[in-house]
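Below is one structure, written out as structure tokens, with a few remarks after it.
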Amino acid sequence: MRISIYPLVAAFLAALLGACASTGAGTGTGPDRVVYHLNEGLPQASNGLRNINNHLEVNPAAKIVVVAHAQGVDFLMKDAKDRNGNKYEDLVEQLRNRGVQFDVCEITLRNRKLTKEQFIADVTYVPSGVAEISRLQQKEGYAYLKP
């Protein structure tokens, strides 16, 4: 008596593909979910904001969260400008209107002796920037990008 394993393999693959399709995993369906990690100051922020604009140009439905800590929070402070004299606040407001969320690390505020009043209105605060990045990746399936 000869037993073929091909029907078992086919059934396993069908079940696996069905599971992926039901969750959207590996199918490219649904909007991108991406966390951008900014911690290096104004030049990195300029690159990151440009990357985010490019991302939204090709995928306007993308869910993007920017998590800033250390020197990465500087572009979110009132009156911060890029090297061409453009106010970061204007760029952030444009991205907020497209659904981008900007998170600032409260540990950074404490360590750098900064206050929430020094920041633009379009930000939210998280207890720890690195913990928030980890949470978004592990618990919510966000891709990680660091410009």
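Index from 1, following the sequence.
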Before you tell me yes or no, could you show the steps for Asp103 and Val66 under side chain to side chain contact (heavy atoms under 4.5 Å, CB included), namely the whole-Å CA-CA distance, both residues' side-chain angles and the distance that decides it to 0.1 Å? CA-CA 6 Å; Asp103 291 347; Val66 176; over 6 Å; no
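- Looking only at distances, a side-chain donor or acceptor of Asp82 sits under 3.5 Å from a matching main-chain atom of Asn84.
- Between Gly48 and Pro147, the closest heavy-atom pair is CA-CG, 3.5 Å.
- The shortest distance between side-chain heavy atoms of Leu145 and Asn51 does not fall below 4.5 Å.
- We find that Lys81 and Asp90 are not joined by a salt bridge, their nearest charged nitrogen and carboxylate oxygen being 4.0 Å or further apart.
- In this structure, Thr108 contributes its side chain and Ala70 its backbone to a donor-acceptor pair below 3.5 Å.
- One hydrophobic cluster holds both Val100 and Ile120 under the rule that ILVMFWY side chains link at heavy-atom gaps under 4.5 Å.
- Within the 3.5 Å criterion, the main-chain N or O of Leu76 finds no donor-acceptor partner in the side chain of Glu89.
- With a 6.0 Å radius and a threshold of 12 heavy atoms from other residues, nucleotides or ligands, Lys146 has its NZ atom above the threshold.
- Ion pairing of Lys116 with Glu106 is present here, as a side-chain N (NZ or NE/NH1/NH2) and a carboxylate O approach within less than 4.0 Å.
- Heavy-atom minimum distance, Ala80 versus Asp74: CB-O, 3.4 Å.
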task: Let me see the working for Gln101 and Lys63 under side chain to side chain contact (heavy atoms under 4.5 Å, CB included), right down to the final yes or no.
output: CA-CA 8 Å; Gln101 177 178 321; Lys63 173 62 178 147; 3.7 Å; yes
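- By the 30° and 60° cut-offs, the orientation of the rings of Phe119 relative to Tyr125 is perpendicular.
- Grouping the Ile, Leu, Val, Met, Phe, Trp and Tyr side chains by contacts below 4.5 angstrom, directly or via other members, places Leu136 apart from Val73.
- Within the 4.5 Å cutoff, the side chain of Phe102 has no heavy atoms near those of the Asp122 side chain.
- No donor-acceptor pair under 3.5 Å is formed between the side chain of Glu40 and the backbone N or O of Gly72.
- Hydrophobic clustering, with ILVMFWY side chains joined whenever heavy atoms are under 4.5 angstrom apart, keeps Leu56 apart from Val65.
- Side-chain atoms of Gln118 come within 3.5 Å of backbone N or O of Thr115 as a donor-acceptor pair.
- The shortest heavy-atom contact between Tyr88 and Phe75 is CB-O, 3.2 Å.
- Within the 4.5 Å cutoff, no side-chain heavy atoms of Ile107 are placed close to those of Val130.
- The CZ atom of Arg112 sits 11.5 Å away from atom NE2 of His69, with the distance rounded to the nearest 0.5 Å.
- Of the N and O atoms on the side chains of Asn47 and Arg50, at least one donor lies less than 3.5 Å from an acceptor on the other residue.
- Here the closest heavy-atom approach between residue Cys105 and residue Pro127 is recorded as SG-O, 4.2 Å.
- Under the 3.5 Å distance criterion, the side-chain polar atoms of Tyr144 are left unmatched by any main-chain donor or acceptor of Ser134.
- Using a 4.5 Å cut-off between side-chain heavy atoms of Ile, Leu, Val, Met, Phe, Trp and Tyr, with links allowed through other members, Ile52 and Val123 fall into the same hydrophobic cluster.
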Test side chain to side chain contact (heavy atoms under 4.5 Å, CB included) on Val126 and Val104 and set out the steps. CA-CA 6 Å; Val126 294; Val104 172; over 6 Å; no
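- Distance check, rounded to the nearest 0.5 Å: CD of Glu57 to CZ of Arg98 gives 8.0 Å.
- Note: Leu91 CG to Ser46 OG = 8.0 Å, rounded to the nearest 0.5 Å.
- Salt bridge present: Arg135 and Glu140 bring a charged side-chain N and a carboxylate O closer than 4.0 Å.
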Q. Does the side chain to side chain contact (heavy atoms under 4.5 Å, CB included) test come out yes or no for Val67 and Leu38, once each step is laid out?
A. CA-CA 6 Å; Val67 179; Leu38 300 180; over 6 Å; no
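- For Ile64 against Tyr36, the heavy-atom pair with the smallest separation is CG2-CD1, 3.6 Å.
- Residues Gln44 and Asn39 share a closest heavy-atom pair of OE1-N, 2.8 Å.
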